[in-house]
Amino acid sequence: MARAPHTKLFVLDTNVLMHDPSSLFRFEEHDVYLPMVTLEELDNNKKGLTEVARNARQASRFLEEIIGSIDTDKLEEGCPLGIQGNRHLTGKLFFQMEHVPTDLPGLAGSKADNQIISVALSLKKQFSKRNVILVSKDINIRIKARAMGVPSEDYFNDKVLEDSDMLYTGLRELPEDFWETHSKDMDSWQESGRMFYKISGPVVKSLLVNEFVFYEYNKPFHAIVRKIEDNSAVLEVVQDHQNPKHSVWGITARNREQNFALNLLMDPDIDFVTLLGQAGTGKTLLTLAAALTQTLDKKRYSEIIMTRVTVPVGEDIGFLPGTEEEKMAPWMGALEDNLDVLNKTDEDVGEWGRAATQDLIRTRIKIKSLNFMRGRTFLNKFLIIDEAQNLTPKQMKTLITRAGPGTKVVCLGNIAQIDTPYLTEGSSGLTYVVDRFKNWSHNGHITLVRGERSRLADFAAEVL
């Protein structure tokens, strides 16, 4: 293991491989070291259909590819990580070849975590000139390792953003002098009842396609960026859904962001919408209102499919009887609550009319479990993915690639409320798609900020 002292030696915990199997190829010129207990834990977790089991199997496949071409007697010299599409890597992979005594003060030696710390400690003594670092997604093992004098780090390569505050919000405030600096050579025209402006000026460079812009001074102006060419941008004035005349399934927008969200949800040219916001900002209600209008009234989509990650917040309640729909029903309380609101919007129809509408709505809304999504293709469907912050980037890719022609996908979530172990605000699949899809002409994103539930909910969100 005689390598240049400036290259680091990373000891990987099993949870890193089970979180991201390709982590083996993410350490550039540095070396990776796998304790034997890591391989043992990978083997113990390979059975089943869960994401973790799938990742464990994929990690084992990668390991076999790396180790495949190396003679057994040369394993001590390390296996080059530069295989297939990773030829640029100069680091090597090393395995634990000999027994390491687990003599840690105050820690039980046989526990897997403690064996990994022992291996890292032994390497640190053996290669005093090299920087040996333990990488784990588990906070406790990192704390224990540091207490034993072993440097430890979280695995950061899966993070799309270091700081979730830097995440694209989908809207931008225009400066007060906007019209003075941008109205030179400005064009304006009407097309199919919509108003367009073509502007040029300093703001254009920072705009993105389908980003909302608003000007709140003497004459308020709300628009969406439709096109960016060279130094000019085409802005389209948004539809005002705050006006009851333009209500969607009886729902009117209560603030600027909700109005922008409804514009995205009702736009047939936008295939992918992401709505972020804390509880009570109206994400599900607005999405369902737009989905019902376009499915039942405009016949743009054949049905609404709703799915969400089934991560319990409290204790699991055990197996549930029934069909896929019935099993998912307890997870879909949010859907029921919002349908109650949408059903009360028409006061004139009476009890019978309301019951008939409810039956019609229920025939058009299908509840699906994420577990059965692989291999499916959805045609002309309005697909709603609720609680999307609990999805990994890989699961998100699996879901979005289900969309066939004529399907619109809407992801809803609150990245401050993640229930999946090892996922953070920076590495959530929702953060990943918001960042990767921005500036695509068929994508729209908005971050909702104002809670619209009740004065009690607003106060609780603020002080608790």
Worksheet entry | Counterpart residues, ring-ring contact (aromatic ring centres under 6.0 Å, His included), relative to F178 (two or more places apart) | H182

Item to complete: Only counting residues at least two apart or in another chain, list the ones meeting side chain to side chain contact (heavy atoms under 4.5 Å, CB included) with V449.
Response: E257

Discussion item. Closer than 4.0 angstrom, basic N to acidic O: yes or no for R142 and D113?
Written reply: no

Discussion item. Run the side-chain hydrogen bond (donor to acceptor under 3.5 Å, both in side chains) test against D13 and tell me which residues pass, sequence neighbours left out.
Written reply: N15, S136

Item to complete: Would you please name every residue forming a side-chain hydrogen bond (donor to acceptor under 3.5 Å, both in side chains) with S22, sequence neighbours left out?
Response: D20, R26

Worksheet item: CG of N231: more than 12 outside heavy atoms within 6.0 angstrom?
Response: no

Fill in: F272: partners by ring-ring contact (aromatic ring centres under 6.0 Å, His included), with sequence neighbours left out
F437

Item to complete: For F260, enumerate each residue passing the ring-ring contact (aromatic ring centres under 6.0 Å, His included) test, keeping only those at least two apart in sequence or located in another chain.
Response: F212, H222

Practice prompt. Please list, chain by chain and in numerical order, all residues satisfying side chain to side chain contact (heavy atoms under 4.5 Å, CB included) with Q190, sequence neighbours excluded.
Written response: M195

Practice prompt. Under the ring-ring contact (aromatic ring centres under 6.0 Å, His included) rule, collect the residues that match up with H246, sequence neighbours excluded.
Written response: none

Worksheet entry | Sequence neighbours excluded, every pair satisfying ring pair (Phe, Tyr, Trp, His ring centres under 6.0 Å) that has a member inside residues 383-408 | none

Worksheet item: Can you list the residues that meet the side-chain hydrogen bond (donor to acceptor under 3.5 Å, both in side chains) rule with T392, with sequence neighbours excluded?
Response: Q395

Worksheet, complete the sentence: Quick note, ring pair (Phe, Tyr, Trp, His ring centres under 6.0 Å) partners involving residues 445-464, not counting sequence neighbours, are Y168-H445

Worksheet item: Centroid-to-centroid, Y197 to F221, below 6.0 Å?
Response: yes

Worksheet item: What pairs with R194 under salt bridge (charged side-chain N to carboxylate O under 4.0 Å, His left out), at least two apart in sequence or on another chain?
Response: E236

